[in-house]
Amino acid sequence: MNILFTVSGRAGSKGVKNKNIRDFLGKPLVYYTLSAIDLFIKEYKEKENLQIHSCLNTDSPSLINLIQKQSMVDMMVQERSEELAGDRVPKVWVTRDSLYAAEKEYNKTFDYVIDVDITSPLRTYEDIYNAFCKSRSNSKIDLTYSVTESRRNPYFNMVCQKENGYHTVLDGSGITTRQQAPVTYDMNASIYVYKREYLVSDEKENKGYFEISIMQDTGILDIDSEEDFELMQIIAEHLFKKNKMLQRIRDNIC
């Protein structure tokens, strides 16, 4: 089975300056993602009979330089076109661009594409493997993405502005207590496992068959501000001492 890992990062960032090339607890943020890929390859490539390649898609010379300096993952670079460099471009378009470039580079067709986000330093290689296993467990699954258990529920305690003021997001459902509400999850944008046929299709996102893979909720925050970045480092410093799998990610960085 042919697997492609994709990593994407634009130059600059509106919320956190140069987020993708920042140091995180003394090591480049992107290296935590590469370490997780490297450990996945070491653990599962031969055991699962996988052919694995990796691709970075970016318009950032600094990010390319960081990738070329590390020795964990052999990663081809797809320089991002101007059309895909805007901050409103759907990430799935960039992932698809990486797939086409890698298939041309390696002269092969990939079965699955595993996209891993740079801003998720507290993700283990087992998290990736769990999402991958979920995707291949059923041939009808088009996409598996990582989630955490939701701390807020749109049926009960999330509100938005409507014509007559602020009301629950799913107003009119008749649900009045948390216990009545269906279980919901937060998408954490850490891992996406695409079946190739779905990734290259013209289907709208809501027409696919999706599954989820649950990750530890305290390990993932959206890094959209300097405060988020600082808080994530505080959480990480604690978890690296307590979680052996996360310790392996950190200690494997080279």
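For the residue pair Asp117/Thr119, the side-chain donor-acceptor check at 3.5 Å is satisfied. No side-chain donor-acceptor contact under 3.5 Å links Asp38 and Ser35. Using modelled atom types and a 3.5 Å distance limit, the side chains of Ser150 and Asp186 yield a donor-acceptor pair. The closest side-chain donor-acceptor pair between Asn57 and Arg80 falls under 3.5 angstrom. The closest side-chain donor-acceptor pair between Thr148 and Asn188, if any, does not fall under 3.5 angstrom. At a cut-off of 3.5 Å, with distance as the only test, a side-chain donor of Ser135 or Thr144 sits close to an acceptor on the other residue. Looking only at atom types and distance, the side chain of Ser62 has no donor-acceptor partner in the side chain of Asn65 under 3.5 Å away.
For Arg152 (side chain) and Asn157 (main-chain N/O), no donor-acceptor pair under 3.5 Å exists by modelled atom type. For the pair Asn153 (side chain) and Pro182 (backbone), a donor-acceptor distance under 3.5 Å is present. Although no hydrogens or angles enter the test, the distance criterion places a donor-acceptor pair under 3.5 Å between the side chain of Gln70 and the main chain of Val73. With hydrogens and angles disregarded, a donor-acceptor distance shorter than 3.5 Å links the side chain of Lys134 to the backbone of Ile212. Judged purely by atom type and a 3.5 angstrom limit, Glu103 uses its side chain to pair as donor or acceptor with the backbone of Phe110. Judged by distance alone, with hydrogens and angles left aside, the side-chain atoms of Glu79 form no donor-acceptor pair with the main-chain N or O of Asp59 at under 3.5 Å. Panel note: side chain Tyr32, backbone Phe24; a donor-acceptor pair is recorded below 3.5 Å. Tyr31 places no side-chain N or O within 3.5 Å of a backbone atom of Ile67 that could act as its donor or acceptor partner. Listed for the Asn243 side chain is no donor-acceptor partner under 3.5 Å among the backbone atoms of Phe240.
Side-chain contact between Asp115 and Lys91: present, with at least one pair of heavy atoms (C-beta onward) separated by less than 4.5 Å. Glu126 is not listed as a side-chain neighbour of Glu43, based on a closest heavy-atom distance of 4.5 Å or more. Residues Cys160 and Lys162 form a side-chain contact, since some pair of their non-hydrogen atoms from C-beta on lies under 4.5 Å apart. Side-chain contact between Val116 and Arg123: present, with at least one pair of heavy atoms (C-beta onward) separated by less than 4.5 Å. Considering only heavy atoms from C-beta on, Ile114 comes within 4.5 Å of Phe132 through its side chain. Side-chain contact between Leu63 and Leu56 is present, with at least one heavy-atom pair separated by less than 4.5 Å. Annotation: side chain of Tyr155 is not in contact with side chain of Gln180 (no heavy-atom distance under 4.5 Å). Put simply, the side chain of Leu4 reaches to within 4.5 Å of the side chain of Cys55, judged on heavy atoms.
Residue Met232 holds its CE atom at 13.0 Å from CD of Glu230, rounded to the nearest 0.5 Å. Annotation: the span from Leu122 atom CG to Gln233 atom CD amounts to 10.5 Å, rounded to 0.5 Å. Here the straight-line distance linking atom CZ of Arg151 with atom CG of Asp217 works out to 4.5 Å at 0.5 Å rounding. In this structure, Asn2 CG and His53 NE2 are separated by 7.0 Å, a value rounded to the nearest 0.5 Å. Atom CD1 of Ile52 sits about 5.0 Å away from atom CD1 of Ile41, to the nearest 0.5 Å. Interatomic distance, CG of Leu25 versus CD1 of Ile234, reported as 10.0 Å (0.5 Å rounding).
The aromatic ring centroids of Tyr209 and Tyr198 lie 6.0 Å or more from each other. Residues Tyr194 and Tyr112 place their aromatic rings such that the two centres sit no closer than 6.0 Å.
Heavy atoms of other residues, nucleotides or ligands lying less than 6.0 angstrom from CD of Glu197 number more than 12. Within 6.0 Å of CD on Glu105 lie more than 12 heavy atoms contributed by other residues, nucleotides or ligands. Residue Gln179 qualifies as enclosed at atom CD: its count of foreign heavy atoms under 6.0 Å is above 12.
Pairing each heavy atom of Asp97 with each of Gln78, the nearest pair is OD2-NE2, 3.4 Å. Nearest heavy atom pair, residue Thr168 against residue Phe156, reads CG2-O, 3.4 Å. Minimum interatomic distance between Gly9 and Ile118 (heavy atoms only, all atoms of both residues): CA-CD1, 4.1 Å. Closest approach of Val16 and Glu226 over heavy atoms only: CG1-OE2, 3.6 Å. For the residue pair Ser213 and Ala131, the shortest heavy atom distance occurs at OG-N, 3.5 Å. Heavy atoms only, all atoms of each residue included: Tyr185 and Glu149 are closest at CD2-CA, 4.0 Å.
For Glu211 and Lys140, the salt-bridge test fails: no basic side-chain N is under 4.0 Å from an acidic carboxylate O. For Glu48 and Arg136, the salt-bridge test passes: some basic side-chain N is under 4.0 Å from an acidic carboxylate O.
Both Met187 and Val183 are part of a single hydrophobic cluster, where members link through side-chain heavy atoms under 4.5 Å apart. Under a hydrophobic-cluster definition in which Ile, Leu, Val, Met, Phe, Trp and Tyr are linked whenever side-chain heavy atoms come within less than 4.5 Å, directly or via other members, Tyr166 and Val169 are assigned to different clusters. No single ILVMFWY cluster, assembled from side-chain heavy atoms under 4.5 Å apart, contains both Leu170 and Val159. In the hydrophobic cluster analysis, where Ile, Leu, Val, Met, Phe, Trp and Tyr join through side-chain heavy atoms closer than 4.5 angstrom, Met158 is grouped apart from Val147. Side-chain heavy atoms closer than 4.5 Å link hydrophobic residues (I, L, V, M, F, W, Y) into clusters, and following such links, possibly through other members, connects Val200 to Leu84.
Identified under the salt bridge (charged side-chain N to carboxylate O under 4.0 Å, His left out) test for residues 234-254, with sequence neighbours left out: none.
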Report task. Verify side-chain contact (heavy atoms from CB on, under 4.5 Å) between Ile21 and Val30, making sure each step is shown before the conclusion. Result -> CA-CA 7 Å; Ile21 59 173; Val30 66; over 6 Å; no

Report task. List the steps, then state whether side-chain contact (heavy atoms from CB on, under 4.5 Å) holds for Ile191 with Met215. Result -> CA-CA 10 Å; Ile191 305 165; Met215 291 175 59; 3.9 Å; yes

Requested in this report: Assess whether side-chain contact (heavy atoms from CB on, under 4.5 Å) is satisfied between Leu34 and Met75, documenting all intermediate values.
Outcome: CA-CA 9 Å; Leu34 300 187; Met75 179 168 282; 3.6 Å; yes

Query - Stepwise side-chain contact (heavy atoms from CB on, under 4.5 Å) check, Asp23 with Leu29 - result: CA-CA 5 Å; Asp23 274 2; Leu29 178 63; over 6 Å; no

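Ring geometry for Tyr192 against Tyr145 counts as tilted: the plane angle lies between 30° and 60°, on a 0 to 90° scale. The aromatic rings of Tyr129 and Phe40 sit tilted, their planes meeting at an angle between 30° and 60°.
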